[in-house]
Amino acid sequence: MLTVEGRETAALLALRNWVLVPMTTLCWISHLILAAQASPPISPVDLGCLLLASIAFCLALVFIRRPWVLWLSLTGLLLLVLPAFLPVDGGVWLYPRFVIGQSGYILITMLTRRLGLVVVAASPLLLRVLWALGPTDISPDGFTIAFGFVPVLQLLASNALIWWVWHGLVARSMATDQQLAQLQQAELTALADRERSALWWTSTRRVHESVLNSINALMSVGSVSQQAAQEWAARARAAVDVAEPGDSPAQPTPSRPDGGFFDGAQALVSAGFTGLVAAGTIYVFFIHQSAAWRDVLGRALMIAASVTALTLVLRRLRVAPLPATALILIPSAIPWVLAPAAGDCGQIATVASVLSISGYMIAIIALCGGLVPYLVAIPIWGAGAYVLASSAPLACQRSPIAMMFNTLSIIPLTLIVAYFGMRAHRASMVRLDDARARTALAIGRAEAVRLVNQQLSQSVERSAELLTEVGSTGRLTDEQERQFTCQSALLRAGISVDLERDGAFTLAAYWLVHEVASRGVPIRVVMLSGSQDRRSLPTALVGSLATVILANGDQLSAANLSISCVHGQSLDFLSVMMPWAIAEQWWGHHGRALAAEAEGDLCLAVHQTEQHGADGELLGLITIEREPAAQAQELVPVP
């Protein structure tokens with residue numbers, strides 16, 4: 001038997017109870033009605049077994065949430081079929097194909113794969129043996145055709161499909177549980193990494209600030225003693241050595257299990273119906289073997305409906321309501337074509353069987369196409385079934401009436417159970433998607449924090465190397481000053497950014513500083529302090545700014561290239577100052593098109609200022625503005 005280990009597996013087993021217990025209970029109710037109408041009355045042995053079965057089914061409904069409840073349902077089914085194996089006489093009331101079929105259904109879902117295969121083969125064999133015994137209380141049903149092997153083939157096909165679907169669902173639920181466990185572990189690991197990285201950043205921030213102050217002091221005086229340079233370099237390296245967190249281990253990214261048609265309850269219900277349809281189509285070839293147009297049309301409709309139902313199930317297709325309505329009209333018309341054949345009692349068992357199969361076809365198409373096609377089809381089918389049953393001789397109306405009752409009462413209730421089961425299954429997929437989203441968010445943030453810390457460490461380490469070089473000569477060269485300016489920008493940006501609080505504008509400014517300064521273009525960081533709005537900015541916006549700056553890097557210095565990000569007067573404001581010629585070039589190649597695309601969200605502009613750079617060039621200001629949202633909604637990618 002299946003051992004419950006995870007939430008989704010437990011949900012599948014609970015779903016099994018909610019599908020099979022009502023299904024077997026409806027089978028019991030239909031047999032109660034048949035027993036009450038039996039003529040002659042059923043035997044005392046039959047009555048006693050029926051009463052004991054009633055107790056078992058009532059208890060099963062009471063304890064439907066318990067894992068062992070299916071044993072009660074199985075006991076009730078065995079009590080229903082037991083009189084057929086005893087030498088007693090009585091009225092006809094028992095349909096063994098349904099009782100033995102549902103018993104096999106329960107056992108297949110309760111036993112292991114190998115034992116389930118034994119049940120797949122044993123149930124049809126038991127049905128054939130029962131018919132060979134010739135009990136008087138069972139309905140001939142389809143046993144009078146082809147030596148009674150059509151019901152056997154139906155049960156074999158139904159059992160095989162149920163076995164295949166059930167163990168596929170079990171494997172998928174176990175895989176889902178494993179994925180959820182991986183996601184939860186990944187989320188915990190990511191949260192721990194983020195916490196460790198945040199603690200490291202807090203503990204080393206003062207050292208980073210000290211390094212930044214040392215760089216600024218050095219650039220202000222232009223020279224330094226070897227001893228002072230060594231002290232500053234040692235202080236810088238201390239920032240790298242203070243419990244720096246290592247790389248986070250790679251986290252799993254589980255794939256989403258296949259959903260679609262193969263929703264739990266839908267699959268469980270449709271599997272049994274499909275097996276009955278697959279083999280039951282044979283019945284239509286035993287109705288009036290003639291070339292009359294009704295007989296030809298009846299066989300054509302039956303084959304077309306059967307192929308449609310099998311295609312939908314085996315290919316796991318979903319159908320829109322309109323085409324599903326057109327398809328479902330095919331089996332709906334079958335009772336009307338069969339009605340004239342019901343006047344012959346010799347044909348009535350075959351006609352009733354075909355009537356039942358057409359009802360299963362309607363159920364399968366409804367499972368794939370929704371409620372609307374079913375509501376269109378069932379009145380048409382029901383009216384045709386009533387005409388068919390009414391046209392049969394009074395002495396042989398029992399079989400078509402029983403099949404009509406099965407389709408109009410038991411199948412709709414089964415579909416309702418399947419519908420709620422499908423909703424529960426889809427809710428489990430939503431839980432998995434939510435877990436995946438939470439994990440992706442946690443991993444992304446942890447990785448962002450770790451990456452910022454790593455970039456800070458690289459900047460500090462490079463600064464320590466530069467300080468050592470300056471200390472060896474005692475003087476600061478132009479190239480060293482340019483590199484110090486880059487490292488100063490990287491340190492100031494890394495210290496200023498807060499990945500837990502800052503929104504898209506601040507992180508975009510940080511990304512731009514890192515992209516530019518890490519490639520040797522000096523930039524002055526004025527301020528990085530935006531809102532918490534995490535709605536992402538267009539990738540092309542910041543990317544095009546970085547491209548233009550890097551392309552003109554030899555013309556730029558901290559004196560004519562600066563960046564600022566502030567939040568004030570209900571606006572996020574990001575500005576980049578650069579030579580007017582470069583700003584105008586960016587606007588013509590990128591900015592004007594981006595401004596047109598972002599209309600209504602972002603406000604992009606370029607302004608000519610009255611300021612001049614160190615070389616006397618006129619400076620321009622590129623501005624990006626947006627009104628922040630009330631709450632942060634999206635995770636912003638961080639380099």
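Just the heavy atoms: all of them, side chains too, but no hydrogens, waters or symmetry mates, feed the values below.
Residues F273 and M361 form no side-chain contact, since every pair of their non-hydrogen atoms from C-beta on lies 4.5 Å or further apart. In this structure, the side chains of V99 and C27 come closer than 4.5 Å at one or more pairs of heavy atoms. Within the 4.5 Å cutoff, no side-chain heavy atoms of C49 are placed close to those of L80. Annotation: side chain of V119 is not in contact with side chain of W163 (no heavy-atom distance under 4.5 Å). Using a 4.5 Å heavy-atom threshold, the side chains of D46 and V88 count as touching. Using a 4.5 Å cut-off on side-chain heavy atoms (C-beta onward), Y283 and V150 make contact. Residues V92 and T136 fail the side-chain proximity criterion, which asks for heavy atoms closer than 4.5 Å. The shortest distance between side-chain heavy atoms of F85 and P135 does not fall below 4.5 Å.
When only modelled atom types and interatomic distance are considered, Q154 and Y360 share no side-chain donor-acceptor pair under 3.5 Å.
Formation of a donor-acceptor pair under 3.5 Å by the R97 side chain with backbone atoms of L155 is not found in this model. Although no hydrogens or angles enter the test, the distance criterion places no donor-acceptor pair under 3.5 Å between the side chain of S390 and the main chain of V387. Proximity of a side-chain donor or acceptor of N17 to a complementary backbone N or O of I64 within less than 3.5 Å is detected. Side-chain atoms of S158 come within 3.5 Å of backbone atoms of G272 as a donor-acceptor pair (strictly under, hydrogens ignored). Formation of a donor-acceptor pair under 3.5 Å by the H31 side chain with backbone atoms of L94 is not found in this model.
Rounded to the nearest 0.5 Å, atoms OG (S356) and CE (M404) are 12.5 Å apart. In this structure, R16 CZ and L13 CG are separated by 5.0 Å, a value rounded to the nearest 0.5 Å. Atom CG in L276 sits 7.5 Å away from atom CZ in F98 (nearest 0.5 Å). To the nearest 0.5 angstrom, I29 atom CD1 is 10.0 Å from T24 atom OG1. Separation of atoms CD1 (I162) and CG (L107) is listed at 11.5 Å; rounding is to 0.5 Å. For the atom pair OG (S173) and CG (L12), the distance works out to 5.0 Å, reported to the nearest 0.5 Å.
Here the closest non-hydrogen pair linking L161 and G275 is CD1-N, 3.5 Å. For the residue pair V81 and I100, the shortest heavy atom distance occurs at CG2-CG1, 4.1 Å. In plain terms, the two heavy atoms of I106 and L74 that are nearest each other are CD1-N, 4.0 Å. Shown here for V319 and A324, the closest heavy-atom pair between the two residues is CG1-N, 3.5 Å. Annotation for I138 and W131: closest pair CD1-CE3, 3.7 Å, computed over non-hydrogen atoms. Here the shortest heavy-atom pairing between A366 and I328 reads N-CD1, 4.1 Å.
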Check the pair V376, L329 against side chain to side chain contact (heavy atoms under 4.5 Å, CB included), reporting the backbone distance first and the verdict last. CA-CA 8 Å; V376 171; L329 291 176; 4.3 Å; yes
Check against side chain to side chain contact (heavy atoms under 4.5 Å, CB included), C58 and W28: CA-CA 10 Å; C58 290; W28 158 65; 4.0 Å; yes
Please determine whether side chain to side chain contact (heavy atoms under 4.5 Å, CB included) holds for the pair T308 and I365, giving the CA-CA distance in whole Å, both sets of side-chain angles, and the decisive distance to 0.1 Å. CA-CA 8 Å; T308 299; I365 297 174; 4.2 Å; yes
Is there a side chain to side chain contact (heavy atoms under 4.5 Å, CB included) between Y374 and L367 once you walk through the steps? CA-CA 9 Å; Y374 183 77; L367 282 168; over 6 Å; no
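A side-chain contact (heavy atoms from CB on, under 4.5 Å) with W93 is found for exactly one of I33, L32, L50, namely L50. Between S332 and the choices I380, L301, L327, the side-chain contact (heavy atoms from CB on, under 4.5 Å) rule is met once, by I380. The only option from T311, T281, T274 that meets the side-chain hydrogen bond (donor to acceptor under 3.5 Å, both in side chains) definition with S306 turns out to be T281.
Under the 6.0 Å cut-off for aromatic ring centres, W68 and F63 qualify, their centroids lying closer than that.
Within 6.0 Å of CZ in R113 there are more than 12 heavy atoms belonging to other residues, nucleotides or ligands.
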